[in-house]
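Along the sequence shown, residues carry numbers from 1. No experiment lies behind these values; they were computed from the predicted model shown.
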Amino acid sequence: MLTPSEKAFVPFVSVDHMMQLINHVGLAPMMQGISDRIEADFRRWPLFDKTPRVASHSDVGVIELMPTSDGDVYGFKYVNGHPGNTAGGLQTVTAFGLLSDVATGYPVLLSEMTILTALRTAATSALVARVLAPKGSTVMAMIGNGAQSEFQSIAMQAIVGIKEVRLYDVDPAATAKCARNLEGSGLKVVSCDSAEEAILGAQIITTCTADKQYATILTDNMVGAGVHINAIGGDCPGKTELAPAILNRAEIFVEYPEQTRIEGEIQQLAPDHPVTEFWEVLTGAAQGRKDAKQITLFDSVGFAIEDFSALCYVRDAIKGTEFFTPLDMLADPDDPRDLFGMVARAK
């Protein structure tokens, strides 16, 4: 048996390591840290390679690859979305991600991203709400109380300063689960019997449902002036949550238009419907909320730069810790041109 050299090992962050890291750092501080990294990377948006994710759709779900690079580091995420999985005791979304050194192509981090995606999604939502929601927002309606709902609530509390979350899901058991998990968070948690009830008094409305279909979670008459909407659930072709009339009344902000027009709420609108890229708001190239009565809408589909940011955060956070395993992942023959000889000597 050949002993691997140091060049063969790549840090691997398992699910268990990720949970240990979160509990070591603290959930709220970690989402704040990821949010800060996302904001910093969005501020240097032009440096990144950008492409719509590569998606393989089926009648039961989607499998996607999400790549990007800032010129020094390359990253990608593998992720699926299968709404029917929960009926069989499986996660709707699973993911893993990788970072590589552009100069050599060698991987420098392999990580689980099922949990990390939940954190980066919530961190992105809260970053956007901090910038676009009405000043002094303290109440959020959380429509859809599945796996993402608690992360959204804690991120909004930590980054935006909300004090109350109003929950609604078509499945009362999901709402009960979310309310139970948020006990002790410091948030006032109100379980509601309808989406209309959940929206009462909310300055921020977050929709995060899983069904892969055109749906109308929010109708036009439900949304009044002066609110911010984070629409998260519409993230693939044929899947939406908002009535088109809401989109026509709102100022729409997106991550990457070329991807959002295919997958987001704006797939319901004309291809040239005006939208604002959120990174431009952060850099001052575009205006965010213009007045207190305006409806702002973040048509969130998730973009590769957010995953890149989250992976970079983890890469840095695990240094000097035991929250990873050195994984024998790369062949490293004594002579780089003699891979065959390395295999032969392993007999």
Side-chain angles (χ1 to χ4, degrees), residues 27-28 31 35 92 118-119 121-211 215-235 240-243 245-247 249-250 253 265 289 292-300:
L27 178 59
M31 285 197 286
S35 177
T92 298
L119 268 65
T121 301
T124 303
S125 295
L127 167 63
V128 173
R130 193 198 82 208
V131 174
L132 296 179
K135 297 302 179 186
S137 294
T138 59
V139 181
M140 178 179 74
M142 186 72 234
I143 313 298
N145 302 153
Q148 179 64 208
S149 56
E150 298 93 343
F151 294 99
Q152 289 284 326
S153 300
I154 298 298
M156 290 290 179
Q157 179 188 33
I159 297 169
V160 181
I162 69 162
K163 301 182 184 304
E164 178 180 334
V165 59
R166 301 175 62 82
L167 306 175
Y168 172 70
D169 195 288
V170 292
D171 179 5
T175 299
K177 176 270 304 179
C178 183
R180 183 172 62 250
N181 285 339
L182 290 175
E183 289 177 2
S185 66
L187 285 167
K188 178 182 178 182
V189 180
V190 181
S191 299
C192 302
D193 295 324
S194 67
E196 292 88 343
E197 181 186 351
I199 289 169
L200 291 175
Q203 299 93 18
I204 300 170
I205 302 170
T206 299
T207 59
C208 188
T209 59
D211 286 343
T216 306
I217 308 303
L218 297 182
T219 58
D220 186 35
N221 65 311
M222 291 167 65
V223 178
V227 297
H228 173 70
I229 303 171
N230 274 343
I232 300 172
D235 58 1
T240 61
E241 297 180 314
L242 308 183
I246 297 173
L247 307 180
R249 293 166 52 210
F253 299 83
E265 296 297 327
R289 173 170 289 275
K293 294 183 178 180
Q294 186 181 31
I295 299 171
T296 53
L297 166 63
F298 179 46
D299 190 0
S300 173

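Across every non-hydrogen atom of Ser153 and Val165, the tightest pair is OG-CG2, 3.6 Å. The minimum heavy-atom distance between Glu241 and Glu265, with the atom names listed, is N-OE2, 2.8 Å. Arg166 and Leu200 make their closest contact through NE-O, 3.2 Å (heavy atoms, listed as atom of the first residue, atom of the second, distance). Taking all atoms of both residues into account, the shortest heavy-atom contact from Met31 to Ala155 is CE-N, 3.6 Å. Contact record, Ala179 with Leu167: N-CD1, 3.7 Å, taken as the closest heavy-atom pair. In this structure, Ala225 and Ile295 approach most closely via the heavy-atom pair CA-CG1, 4.2 Å.
Counting only heavy atoms from C-beta outward, the side chains of Ile199 and Val227 never approach each other to under 4.5 Å. A 4.5 Å side-chain heavy-atom check between Leu242 and Val223 finds every atom pair outside the cut-off. Proximity of Met140 to Val160: side-chain heavy atoms (C-beta onward) are nowhere separated by under 4.5 Å. Taking 4.5 Å as the limit, some side-chain heavy atom of His228 sits within range of a side-chain heavy atom of Arg289.
When the options Leu297, Asp299, Ile229 are evaluated for a side-chain contact (heavy atoms from CB on, under 4.5 Å) with Leu247, the one that passes is Leu297. Residue Ile162 is tested with Met156, Gln203, Gln152 for a side-chain contact (heavy atoms from CB on, under 4.5 Å); the sole match is Met156.
When atom types are taken as modelled, the side chain of Glu164 and the backbone of Thr138 share no donor-acceptor pair closer than 3.5 angstrom. Between the side chain of Thr121 and the backbone N or O of Ala118, no donor-acceptor pair lies under 3.5 Å.
Atom CE of Met142 is separated from atom CD1 of Ile205 by 11.5 Å, given to the nearest 0.5 angstrom. To the nearest 0.5 angstrom, Tyr168 atom OH is 14.5 Å from Cys178 atom SG. The structure places CG of Asn230 at 10.0 Å from SG of Cys208, a figure rounded to the nearest 0.5 Å. Between the CZ atom of Phe298 and the CD1 atom of Ile204 there is a distance of 13.0 Å, given to the nearest 0.5 Å. Note: Ile154 CD1 to Leu27 CG = 6.0 Å, rounded to the nearest 0.5 Å. Distance NZ/Lys177 to CG/Asp171: 9.5 Å, rounded to 0.5 Å.
Residues satisfying the side chain to side chain donor-acceptor pair (under 3.5 Å) criterion with Asp220, sequence neighbours excluded, are Arg249.
Sequence neighbours left out, the pairs with a member in residues 124-142 that pass salt bridge (charged side-chain N to carboxylate O under 4.0 Å, His left out) are Glu39-Arg130.
Asn145 and Thr175 share a donor-acceptor pair across their side chains, judged by distance under 3.5 Å alone.
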Exercise. Where do Thr296 and Phe253 land on the side chain to side chain contact (heavy atoms under 4.5 Å, CB included) test, with the steps shown first?
Worked result: CA-CA 8 Å; Thr296 53; Phe253 299 83; 4.0 Å; yes
Problem set entry | Verdict with supporting geometry, Ser125 and Ile232, side chain to side chain contact (heavy atoms under 4.5 Å, CB included) | CA-CA 8 Å; Ser125 295; Ile232 300 172; 3.5 Å; yes
When the side chains of residues 182-194 are checked against the rest of the protein, which donor-acceptor pairs come out under 3.5 Å, sequence neighbours left out?
unit_1, atom_1, unit_2, atom_2, d
Ser185, OG, Leu182, O, 2.7
Ser185, OG, Leu187, N, 3.2
Ser194, OG, Glu197, N, 3.0

